[in-house]
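Index from 1, following the sequence. The analysis underlying the following values was restricted to heavy atoms, covering all of them including side chains, and did not include hydrogens, waters or symmetry mates.
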Amino acid sequence: MKKTIITVVGKDTVGIIAKVCTYLAESNINILDISQTIVNDYFNMMMIADFNNCTKSFSEVTDELDALGTEIGVVIKCQREDIFNSMHRI
């Protein structure tokens with residue numbers, strides 16, 4: 001399984017989750033786990049997603065999510081699970 005960590009951060013507005021999840025579904029990316037919080041009008045979401053059935057390249061998905069984030073006023077970042085784990089190991 002090709003797991004990826006996706007984070008979404010920014011000022012809370014209507015439709016952030018819907019737009020991000022719609023993009024992932026249309027790209028055949030399955031959400032395995034999701035957590036979101038809102039603190040003082042700031043939205044924070046972290047997802048673990050499975051890229052196994054995605055036909056797009058990782059860099060294409062990253063670029064498209066970056067553009068989507070700009071469009072909806074948030075920052076969306078993707079990291080492969082192995083890189084994420086390496087960066088956050090103590």
Side-chain angles (χ1 to χ4, degrees):
M1 184 178 308
K2 294 189 269 183
K3 290 184 184 175
T4 298
I5 310 304
I6 301 171
T7 58
V8 182
V9 178
K11 192 80 167 153
D12 187 35
T13 59
V14 173
I16 295 172
I17 296 172
K19 289 176 183 170
V20 173
C21 291
T22 297
Y23 170 82
L24 296 176
E26 290 172 350
S27 300
N28 290 322
I29 298 169
N30 186 35
I31 299 168
L32 302 172
D33 201 355
I34 186 170
S35 172
Q36 67 96 36
T37 58
I38 299 169
V39 178
N40 287 336
D41 293 327
Y42 287 94
F43 178 86
N44 183 32
M45 179 168 63
M46 180 176 167
M47 294 185 275
I48 300 173
D50 176 9
F51 272 57
N52 270 347
N53 296 322
C54 182
T55 56
K56 298 176 182 180
S57 71
F58 183 81
S59 62
E60 185 178 0
V61 170
T62 300
D63 290 344
E64 289 176 354
L65 282 173
D66 187 47
L68 176 62
T70 299
E71 177 186 320
I72 63 176
V74 297
V75 175
I76 304 174
K77 297 291 181 191
C78 296
Q79 286 183 308
R80 290 187 177 99
E81 180 185 37
D82 54 345
I83 294 172
F84 183 87
N85 288 336
S86 295
M87 290 177 58
H88 294 89
R89 186 173 299 147
I90 297 176

dist D12:CG -> I17:CD1 (nearest 0.5 Å) comes out at 8.5 Å

Out of curiosity, I29 CD1 to L65 CG, how far, rounded to the nearest 0.5 Å? 6.5 Å

So which atom in K3 and which in I48 form the shortest heavy-atom distance, rounded to 0.1 Å? CD-CG2, 4.1 Å

Using the rule that two of Ile, Leu, Val, Met, Phe, Trp, Tyr join whenever any of their side-chain heavy atoms come within less than 4.5 Å, decide whether I38 and V8 are in one cluster. yes

What is the minimum heavy-atom distance between C78 and I6, and which atoms define it? SG-CG1, 3.9 Å

Within the distance-only criterion (no hydrogens, no angle test), does the side chain of N52 pair as donor or acceptor with the backbone N or O of K2 below 3.5 angstrom? yes

With T7 as partner, the option from K77, M47, M45 fulfilling side chain to side chain contact (heavy atoms under 4.5 Å, CB included) is K77

Spacing of OG belonging to S27 relative to CD belonging to E60, to within rounding of 0.5 Å: 8.0 Å

Do the side chains of E64 and K56 get close enough for a salt bridge, i.e. N-O under 4.0 angstrom? yes

The reported gap from OG1 in T55 to CG in N28 (rounded to nearest 0.5 angstrom) is 6.5 Å

Taking the side chain as everything from C-beta on, heavy atoms only, tell me whether F43 gets closer than 4.5 Å to T13. no

Smallest heavy-atom separation, F58 atom then R80 atom, equals CB-NH2, 3.0 Å

State, to 0.1 Å, how close V61 and Y23 come at their nearest heavy-atom pair, and which atoms those are. CA-OH, 3.5 Å

How about OH on Y42, more than 12 heavy atoms from neighbouring residues, nucleotides or ligands closer than 6.0 Å, or not? no

Test I76 against every option in V20, D66, I16 by the side chain to side chain contact (heavy atoms under 4.5 Å, CB included) rule and name the one that passes. V20

Joint hydrophobic cluster, I34 plus L24, side-chain heavy atoms closer than 4.5 Å: yes

Taking I72 as the starting point, is it possible to reach I31 by hopping between hydrophobic residues whose side chains are less than 4.5 Å apart? yes

In this structure, would L32 and I5 fall into the same cluster of hydrophobic residues linked by side-chain contacts under 4.5 Å? yes

